[in-house]
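One structure is given below, encoded as structure tokens.
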Protein chains: 2
Amino acid sequence: MKLAVYGKGGIGKSTTSCNISVALAKRGKKVLQIGCDPKHDSTFTLTGFLIPTIIDTLQAKDYHYEDVWPEDVIYKGYGGVDCVEAGGPPAGAGCGGYVVGETVKLLKELNAFDEYDVILFDVLGDVVCGGFAAPLNYADYCMIVTDNGFDALFAANRIAASVREKARTHPLRLAGLIGNRTSKRDLIEKYVESVPMPVLEVLPLIEDIRVSRVKGKTLFEMAEKDPSLNYVCDYYLNIADQILARPEGVVPNDSPDRDLFALLSDF
Amino acid sequence: MKLAVYGKGGIGKSTTSCNISVALAKRGKKVLQIGCDPKHDSTFTLTGFLIPTIIDTLQAKDYHYEDVWPEDVIYKGYGGVDCVEAGGPPAGAGCGGYVVGETVKLLKELNAFDEYDVILFDVLGDVVCGGFAAPLNYADYCMIVTDNGFDALFAANRIAASVREKARTHPLRLAGLIGNRTSKRDLIEKYVESVPMPVLEVLPLIEDIRVSRVKGKTLFEMAEKDPSLNYVCDYYLNIADQILARPEGVVPNDSPDRDLFALLSDF
Ligand SMILES: Nc1ncnc2c1ncn2[C@@H]1O[C@H](COP(=O)(O)OP(=O)(O)O)[C@@H](O)[C@H]1O
Ligand SMILES: Nc1ncnc2c1ncn2[C@@H]1O[C@H](COP(=O)(O)OP(=O)(O)O)[C@@H](O)[C@H]1O
Ligand code: SF4
Ligand SMILES: [Mg+2]
Ligand SMILES: [Mg+2]
């Protein structure tokens with residue numbers, strides 16, 4: 001099963017992805033997480049450090065694929081989750097799509113693309129052009145991380161539109177929204193009323209989650225020493241369990257942009 | 001003179017751009033603002049509504065450039081500023097670079113690209129791939145809008161790297177940073193210490209600026225009825241005056257990503 005987690009930059013995609021990956025591993029799955037964000041810090045709380053990107057490694061090897069070994073690009077993270085950072089296009093040049101394409105190609109050459117129960121792509125969702133939509137070509141489900149604000153929901157709608165576009169030619173479904181860092185849900189509710197899709201979970205702002213990034217640890221690792229954090233892990237286990245149940249998912253009917261402005265913004 | 005305003009999504013690029021455009025017009029310049037963000041609301045506070053995007057218009061005319069008149073795509077905004085929305089690539093397909101390229105091509109065909117004293121491109125800066133770097137090909141100066149947080153400064157560094165890349169083949173300089181919605185400057189100061197560049201202005205979070213978007217008006221238009229807002233307009237006039245003075249600018253020496261994480265984030 002392949003998952004793609006999208007959302008606006010800074011919304012909590014990577015934090016959420018790392019914890020979902022560990023939750024899936026807790027359910028006995030062999031998981032690979034692939035970061036697809038120019039910020040290339042997707043797997044930081046799984047490994048505790050910034051792993052080199054695929055492009056870094058390929059450049060160091062002068063693009064000789066035959067000289068690249070799995071351990072050059074796949075790093076072991078917490079909970080048995082394997083980690084890869086695709087990174088982003090070089091600044092001012094190149095294309096996000098090329099980077100994702102190269103990453104998948106290399107993993108296939110290393111026979112590392114089909115040996116996992118779950119592969120999770122963590123993807124920047126601010127643009128969702130042809131390039132950044134590339135992970136959707138491989139995904140069975142897309143999950144969108146959003147808060148209760150206009151900008152993140154506008155990005156969510158473009159992501160939903162991309163899923164609809166790709167679902168015409170790929171077996172892709174939208175599993176739903178993950179609300180994050182918010183206790184309010186009024187705009188999220190308004191949005192899903194006009195563009196029906198499941199809301200898998202809504203996580204409030206939790207200081208321990210913010211701290212997890214400073215510590216370079218997932219909530220699961222922190223909960224080993226502080227069991228009072230188990231309630232936070234339950235959010236992520238709940239998401240993992242819903243995905244493992246192979247939900248129907250939806251082919252969303254995104255809202256026209258103008259309607260979205262009228263619906264969600266205080267214009 | 002051509003300007004490119006970049007920054008992370010939601011940082012305040014469009015609000016800042018519209019007010020800078022009016023400030024330049026107050027100084028007697030004929031200004032065109034071109035929005036280059038999939039959110040296509042760049043010129044909203046200049047016009048008070050969402051103008052159709054270039055791609056919308058071209059599609060409506062079946063891409064017959066000869067049937068497109070200037071008034072189909074160029075809308076009159078407040079203070080005599082003309083407005084164009086390039087928009088973004090269709091969700092899940094296409095390329096941000098194509099949209100910008102088509103926009104400039106069309107404006108040149110309409111003899112509208114060289115009749116302005118200033119053209120200001122308002123560009124989404126989360127990715128700065130080859131596509132979203134396209135406006136830098138036309139710009140004399142780039143300005144980067146940031147707050148005092150890690151994500152926006154990480155984006156700023158990638159934008160600076162793109163300017164350095166483009167400055168090798170174009171007469172482009174980085175005019176500097178515009179801090180926005182922040183009263184703290186410690187991370188901004190840390191960043192410019194390691195990557196020297198001017199800080200043109202720092203605007204705190206001002207409720208009237210947030211409200212300006214709700215009202216669909218620039219601060220200049222609001223100050224007509226409420227002169228106590230003149231102090232806010234002064235921030236933008238200060239930026240405009242610095243740019244009109246044709247500063248030296250810099251070819252920034254962006255920081256390697258890993259250093260940036262060590263420098264700015266609380267990892
Ligand atoms: N529910 C939450 N509560 C508090 N902080 C959060 C939460 N989710 C994410 N964060 C924090 O938000 C910041 C951005 O998260 P990150 O996962 O890096 O975002 P993205 O991958 O979308 O850019 C991090 O500092 C992270 O710790
Ligand atoms: N200095 C400021 N103080 C308060 N609110 C601001 C300020 N600058 C921008 N905003 C608000 O921030 C939001 C995002 O601004 P916008 O210009 O649309 O961002 P961008 O174009 O970068 O996506 C808007 O609601 C705007 O009114
Ligand atoms: S397809 Fe997307 S990532 Fe690739 S160059 Fe174009 S805008 Fe950039
Ligand atoms: Mg991330
Ligand atoms: Mg904008």
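In what follows, chains are A, B, ... by sequence order, proteins preceding strands, each numbered from 1.
Both the backbone and the side chain of B:Ala91 come within contact range of chain A, judged by heavy atoms closer than 4.5 Å. If you measure heavy-atom distances from B:Asp56 to chain A, the contacts under 4.5 Å come from the side chain alone. For a residue to count as touching a neighbouring chain, one of its non-hydrogen atoms must lie under 4.5 Å from one of that chain's; by this rule B:Leu136 does not touch chain A.
Comparing B:Ala161, B:Gly48, B:Gly94 by how many heavy-atom pairs each has under 4.5 Å with chain A, the most go to B:Gly94. Chain B forms more heavy-atom pairs under 4.5 Å with one residue of A:Gly149, A:Pro89, A:Ala133, A:Ala152 than with any other, namely A:Pro89. Most heavy-atom pairs under 4.5 Å with chain A: of the set B:Gly97, B:Ala93, B:Cys95, this distinction falls to B:Ala93.
Of the inter-residue distances, the one linking A:Tyr98 atom OH with B:Cys129 atom SG reads 14.5 Å to the nearest 0.5 angstrom.
Of all heavy-atom pairs spanning B:Gly10 and A:Asp151, the tightest one is CA-OD2, 3.3 Å.
Within the 4.5 Å cutoff, no side-chain heavy atoms of B:Asp126 are placed close to those of A:Val127.
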Is there a side chain to side chain contact (heavy atoms under 4.5 Å, CB included) between A:Arg258 and B:Phe49? Walk through the geometry before answering.
CA-CA 10 Å; A:Arg258 278 154 211 290; B:Phe49 69 101; 6.0 Å; no

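More than 12 heavy atoms of other residues, nucleotides or ligands lie within 6.0 Å of NZ in A:Lys61, so this atom counts as buried by the packing criterion.
No donor-acceptor pair under 3.5 Å is formed between the side chain of A:Arg158 and the backbone N or O of B:Lys39.
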